Amino acid sequence: MTSLPTAFLALPLPIVQLSLSAVLKCGQSFRWTAYSLNIDSENACLPTHEYRFCLRDRVVCLRQTPTSILYRTVLPNPQPNVDQRKLHEAETLLWLKDYFQLDVNLASLYEEWGSRDKVFSEIKDRFSGIRILRQDPWENLISFICSSNNNISRITKMVQNLSKEYSSPLLSLSVPDGSGVEEIYHPFPPPSALAHPDVSARLRSLGFGYRAEFIHRTAKMLVETHGNTVHPREQDESSEQWLRTLRDMNTEDARAELLKFVGVGRKVADCVLLMSLGKTDVVPVDTHVYQIAIKYYGMKASPKGKMNMTPKLYEELSTKFVQVWGGYAGWAHSVLFTSDLKSFSLHGLPPPMSPLSTPTKNRKKRSREMTDLVPTFSTPPSTSSLSDSSTATEFACSKSPAERVKKRARK
DNA sequence: GCACTACCGTGT
DNA sequence: CACGGTAGTG
């Protein structure tokens with residue numbers, strides 16, 4: 001089962017376009033493992049870490065230099081010949097471009113957000129290279145059902161336990177820190193593996209808490225509704241493929257589909273819309289985002305001082321951030337969110353001035369500063385050059401019948 | 001539509 | 001008590 005190492009290939013990419021260390025451990029995906037490389041010299045051009053991710057049929061290993069991403073593919077035995085190996089590396093390269101969405105120019109977006117928003121311009125140079133991954137919707141959905149009322153380190157453990165418990169080991173590989181230790185890599189399990197009757201009890205005993213039932217019922221419903229026949233070529237189940245078709249749906253319809261699952265509320269649905277269904281403008285709102293809005297965007301704090309996230313407040317925050325940042329608001333939000341995780345070094349910023357919801361009209365002295373802070377508050381969302389056609393259409397369809405569809409009862 | 005409350009487990 | 005919420009009530 002042990003696989004032999006192969007050489008790394010290089011994909012030229014400026015570090016401002018992608019920071020692996022920031023993106024892979026910031027709570028988007030919970031299945032990347034990071035290893036220190038024990039660099040003896042202080043050469044800043046050498047990678048300090050390696051990151052690994054197990055796909056259905058291979059393990060992808062990544063390192064980063066200031067000017068490129070180094071990648072290599074590890075396959076299970078039997079090992080392919082040289083020609084087959086080249087094909088696999090070509091496939092991995094295509095996967096990388098898709099997964100990291102490298103056709104999106106992140107540096108341009110940072111400029112755009114910085115010119116729209118003073119708060120963003122203050123942090124953008126310290127938190128560069130943070131982009132939204134384009135994940136597999138099935139893994140993304142289950143991972144974020146785990147995320148409710150939870151923290152990153154525990155979510156990571158849960159998702160890894162899920163993989164270890166419900167999918168066969170693909171291969172093992174020695175860790176790159178020179179210790180000689182071998183690690184076993186598991187893909188993310190398919191829906192049918194989690195739809196089995198005794199799954200929820202087992203997950204309970206694995207420490208999943210009340211999310212155990214959510215996961216089981218979601219998997220069961222998905223398999224019952226959309227099947228588990230395995231596509232001969234794609235290698236994945238029909239319900240996983242169906243989830244991917246939500247990418248072709250408009251935001252409101254896709255969200256309505258996601259909300260049908262147990263354990264999926266507005267916040268989790270929006271995370272999936274943003275992180276695996278390509279809805280770039282969706283801003284998932286949680287308590288952190290609310291705090292950020294209060295501290296730096298003049299959002300009025302709740303009268304009672306409680307953090308009650310009502311649907312109304314959620315909608316208000318979400319739409320206002322779209323007004324601030326535009327068609328890629330969800331991407332911008334993740335930069336702010338990541339900087340907040342690193343316990344916010346925003347001290348030099350001016351105090352919050354502009355109420356996000358209701359601007360005070362009798363304070364002219366402040367109205368100028370408000371304009372300074374958030375120049376685009378009163379202007380409609382931009383559908384400028386940065387937004388591609390699919391994003392523009394998202395703004396276009398403002399109402400949809402599916403928005404009114406209620407979460408139907410299930411047994 | 002809207003405001004509660006319980007909830008599994010971990011960290012402070 | 002809070003935590004990167006949600007389902008179930010009234």
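Basis for what follows: all heavy atoms, side chains included, without hydrogens, waters or symmetry-related copies. Just so we're clear, the structure is a prediction, and the values are computed from it rather than from any experiment.
Between the side chains of A:Ser192 and A:Glu237, a donor-acceptor pair is found at a separation under 3.5 Å.
Formation of a donor-acceptor pair under 3.5 Å by the A:Ser121 side chain with backbone atoms of A:Lys118 is found in this model. At least one donor-acceptor pair under 3.5 Å links the side chain of A:Arg31 to the backbone N or O of A:His186.
Put simply, CG on A:Leu206 is 13 Å from C1' on B:dC8, counting in whole angstrom units. Rounded to whole Å, atom C1' of C:dT6 lies 16 Å from atom CZ of A:Phe261. Here C:dG5 presents its P atom at 12 Å from CD of A:Gln291, a figure rounded to the nearest Å. Rounded to whole Å, the distance from OH on A:Tyr290 to P on C:dG5 is 14 Å. Going from atom CD of A:Glu213 over to atom P of B:dA6 covers 19 Å, rounded to whole Å. If you take CD1 of A:Ile215 and C1' of B:dC8, they are 12 Å apart, rounded to a whole angstrom. Distance, A:Asn161 CG to B:dG9 P: 13 Å, rounded to whole Å. Between the CG atom of A:Leu141 and the P atom of C:dG5 there is a distance of 17 Å, given to the nearest Å.
Ranking C:dA7, B:dG11, C:dG5 by closeness to the A:Lys157 side chain, first place goes to B:dG11. If you check C:dG8, C:dG4, C:dG5 against the side chain of A:Cys271, the one that comes closest is C:dG4.
With both ends at atom P, the span from B:dC8 to C:dT9 equals 15 Å, rounded to whole Å. The gap from the P atom of C:dG4 to that of B:dC4 amounts to 23 Å, rounded to the nearest Å. Across the P atoms, C:dA2 and B:dT5 are found 14 Å apart, a figure rounded to whole Å.
Taking the side chain as every heavy atom from C-beta outward, A:Gln160 and A:Thr33 approach each other to under 4.5 Å.
Remark: A:Arg131 is not positioned above the aromatic ring of A:Phe100, lacking an NZ or CZ atom under 6.0 angstrom from the ring centre and at most 45 degrees off the axis.
Within the nucleic acid shown, A:Val289 has no heavy atom closer than 4.0 Å to any nucleic acid atom. Contacts of A:Thr310 with the nucleic acid, taken as non-hydrogen atoms under 4.0 Å apart, involve only primed sugar atoms and P, OP1 or OP2. A:Phe208 comes within 4.0 angstrom of nothing in the nucleic acid, heavy atoms only. The residue A:Ile145 sits apart from the nucleic acid: no heavy atom pair falls under 4.0 Å. At the heavy-atom level, A:Cys146 lies nowhere under 4.0 Å from the strands shown. Across all strands, A:Gly27 comes closer than 4.0 Å to base atoms (heavy-atom distances). Counting non-hydrogen atoms under 4.0 angstrom, A:Arg204 reaches the backbone sugars and phosphates but no base.
Taking for each of A:Asn150 and A:Phe214 the nucleotide of DNA chain C with the nearest heavy atom, the 5'-most of the two is the partner of A:Asn150. Nearest-nucleotide assignment on DNA chain B puts the 5′-proximal partner with A:Pro311, out of A:Pro311 and A:Tyr210.
Side chain A:Arg154 to base B:dC8: a donor-acceptor pair is found below 3.5 Å. Judged by atom type and distance alone, A:Lys267 reaches the base of C:dG4 through a side-chain donor-acceptor pair under 3.5 Å. The base of C:dG5 does not come close enough to the side chain of A:Tyr314 for any donor and acceptor atom to sit less than 3.5 Å apart.
The base-pairing partner of C:dG4, taking Watson-Crick or G-U wobble contacts with both distances under 3.5 Å, does not exist among the strands shown. Nucleotide B:dC8: unpaired (no Watson-Crick or G-U wobble partner with both distances less than 3.5 Å).
Proximity of A:Asn149 to the phosphate of C:dG5: a side-chain N or O atom is located under 4.0 Å from OP1 or OP2. Between A:Ser148 and C:dG4 there is no side-chain polar atom (N or O) within less than 4.0 angstrom of OP1 or OP2.
Between atom CG of residue A:Leu222 and atom CD of residue A:Glu224 there is a gap of 10.0 Å, rounded to the nearest 0.5 Å.
By the 30° and 60° cut-offs, the orientation of the rings of A:Phe120 relative to A:Trp113 is perpendicular.
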